[in-house]
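Note that the coordinates shown come from a computational prediction; the quantities given were computed from them, not determined experimentally. Each chain gets a letter, A, B and so on, in the order its sequence line appears, and its residues count up from 1.
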Amino acid sequence: MEKVQPGLSDVSISGDIPVEGEITVPVGSPSHDDEYSTLDEPVKETILRDLKAVGKKFGHVMYPKKSTTLLRDWDLWGPLLLCVTLALMLQGGSADSKEDGGPQFAEVFVLIWFGSVIITLNSKLLGGTISFFQSLCVLGYCILPLTVAMIVCRLVLLGGTGTASFIVRFIVVVASFGWSTFASTAFLADSQPPNRKALVVYPVFLFYFVISWMILTFSPSHSNTGP
Amino acid sequence: MSTTEGNKNTNSTESWGGFDDNPIQGGGSAVIDMENMDDTSGSSFEDMGEMHQRMKEEEEVSEEAAATEEGDDGEFLGMKGVKGQLGRQVADEVWQAGKRQASKAFNLYANIDILRPYFDVEPIQVRNRLLESLIPIRIINFPQKIAGELYGPLMLVFTLVAILLHGMKTSGTVIREGTLMGTAIGTCFGYWIGVSSFIYFLAYLCNAQITMLQMLSLLGYGLFGHCVVLFVTYSVHFHSLFYILWLVIGGLSTLRMVAALISRTVGHTPRLILCGTVAALHMLFLLYLHFAYHKIVEGILDTLEGPNVPPIQRVARDIPEVSVALVNATVKMVGITLQSH
């Protein structure tokens, strides 16, 4: 058991009681023993540490190697950030409230979260070894390529809505859809018995397909069918 | 308190020596011996409450002892250290107890393991069942085997939802009260579960040998034909093609379901009722899915802009009779107004 600080070393505490807190060694991720030391640090440090963890996981998604980091330290900040960004960008941007052709924020949000829950339940029912929140974490993080595709589509749409822009958007969305599916199966399929991988991959494929289709058919000002 | 009662019980039964001195721990005993505190398997809330009570009493005793003493800083810190430690332990115990209770309740009510055997399939089995759902089997003298699985039907329902969404978007459907996604999911799941339940109820009335799981599975696999037809006709817009596919593929999957049901029902009239209902609902659902979203668009346009809307600006895939009639009416009106001027 380490002493807390040199100043308090002359306190006569009976030896049976463990003194908590390790200030000398910086810890990578907060564990239960360190609760008291992370409460004392400035807010900026906490936020930066969480953001760094999120950013590291983004890196894992963009270059999916078979590492278990995403699964071990799961968190749901990244998926929430991505989901909110995607839902905000997918909102129908027309000021005219009569023509509401784009999916609403709530629709996209609910689709992503309930879709993830259903895929997780499915993979657990098929005998998967991954836990509920780990699976949610992986599926949420793998939406990153689709969010990037959405940003690119929005930029392309600024240039016009012709056939060329549609082809460019189509290619971008298909590429990011493939990337998302491949990244998530790299993490998820390992936790399944080998002959059932296809059964788990199909709902993931459908899920990302619906999202990419929503991205592809998005147009900022929906032209209505009136005169 | 349970301890004292327990002690009383063991004391009273000691006279006839019928029971053991140490009752069985955990499991099914109603008397819990407080001496064996390291049993963590089935601790009840009352036990926890008693333990906290004892700990609090210990704390109070030590507090009183500390209050009577006057100590210097070192000793004061020492006492605070002890109390802090006890407080942490108590909090920990409360947390553990709460967690145990919650996980017990969760395992009882939200146990998805009940559904696990219905998802025990191989990919090749799913593929075979999908293809067989379009091949009617002629054996009607003894019950046909119906697979009771839920993975295939569930995935088919979700695929149907995705295809419906695509169809709704390309036909420019605008849903006013509600969302596109909600309508699609509600329609598909409502059909699958609602019609299955209804047919199961009819089967119960007609004395058919079929379980709810088998009915869900049968109807779910019948949706494969629907998925194929809708996928093709939402991409290739010919009405005659739709009618042909409706009859052929819809008919085949209906025949498959009907044959399976006939093989499990006895008697002419029950067979007629059951199979007639299934066939009607199955075929009409496909018809509805193809045409429904046109009607919604037309209805909204009519209420918004009245009958003066020229037909060219309507949705691309109209019901031909309506649009033809409208064209004729408009041309006639234009002709009449031109003539009158």
Side-chain angles (χ1 to χ4, degrees), chain A residues 8 10-14 16-20 32 35-36 92 98-111 114-115 118-128 132 193 195-203 205-207 209-211 213-214 216-218 222-227, chain B residues 72-82 84-86 88 92 112-127 150-152 154-155 158-159 161-163 165-166 169-170 172-176 178-182 184-185 297 300-301 304-305 308-310 313-316:
Chain A
L8 286 178
D10 48 7
V11 168
S12 59
I13 299 174
S14 64
D16 297 336
I17 299 163
V19 177
E20 306 217 338
H32 271 300
E35 261 178 57
Y36 292 96
K98 276 201 294 185
E99 280 304 320
D100 225 356
Q104 302 298 310
F105 180 90
E107 235 181 78
V108 179
F109 203 85
V110 164
L111 166 72
F114 274 113
I118 288 171
I119 295 176
T120 309
L121 283 178
N122 176 60
S123 77
K124 282 190 84 80
L125 283 169
L126 284 171
F132 185 74
N195 53 340
R196 301 226 180 143
K197 290 211 165 95
L199 296 183
V200 178
V201 168
Y202 178 70
F205 168 88
L206 204 58
F207 175 62
F209 180 78
V210 172
I211 296 180
W213 168 83
M214 280 202 304
L216 189 61
T217 59
F218 173 79
H222 260 265
S223 52
N224 52 6
T225 51
Chain B
D72 47 288
D73 287 331
E75 278 202 25
F76 179 64
L77 263 173
M79 277 306 150
K80 197 170 164 191
V82 169
Q85 177 70 13
L86 268 176
R88 271 200 294 280
D92 196 36
I112 61 167
D113 282 335
I114 303 172
L115 293 176
R116 204 180 275 269
Y118 307 140
F119 280 74
D120 192 14
V121 286
E122 305 291 323
I124 196 116
Q125 281 179 317
V126 176
R127 195 202 64 180
L150 286 180
Y151 174 83
L154 200 66
M155 289 305 130
F158 282 123
T159 312
V161 169
I163 295 176
L165 279 177
H166 172 61
K169 266 284 187 163
T170 52
T173 304
V174 173
I175 308 265
R176 283 325 205 68
T179 60
L180 234 61
M181 185 76 56
I185 292 181
V297 177
I300 290 173
L301 285 176
L304 280 181
E305 286 151 304
N308 299 333
V309 170
Q313 291 187 7
R314 280 184 179 243
V315 198

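Using a 4.5 Å cut-off between heavy atoms, B/F158 touches chain A through backbone and side chain atoms alike. Heavy-atom distances place the side chain of B/V126, and not its backbone, under 4.5 Å from chain A. Contact of A/K124 with chain B is made through backbone and side chain together, with heavy-atom distances under 4.5 Å. Contact of A/L199 with chain B is made through backbone and side chain together, with heavy-atom distances under 4.5 Å.
The CZ atom of A/F207 sits 14.5 Å away from the OH atom of A/Y202 when rounded to the nearest 0.5 Å. To the nearest 0.5 angstrom, B/L154 atom CG is 9.5 Å from B/T159 atom OG1.
Looking at residues two or more places apart in sequence or on another chain, you find a side chain to side chain contact (heavy atoms under 4.5 Å, CB included) between B/E122 and A/N195, A/R196, B/I124, B/Q125.
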Would A/N122 and B/Y151 satisfy side chain to side chain contact (heavy atoms under 4.5 Å, CB included), going step by step from the backbone distance to the final call? CA-CA 8 Å; A/N122 176 60; B/Y151 174 83; 3.4 Å; yes
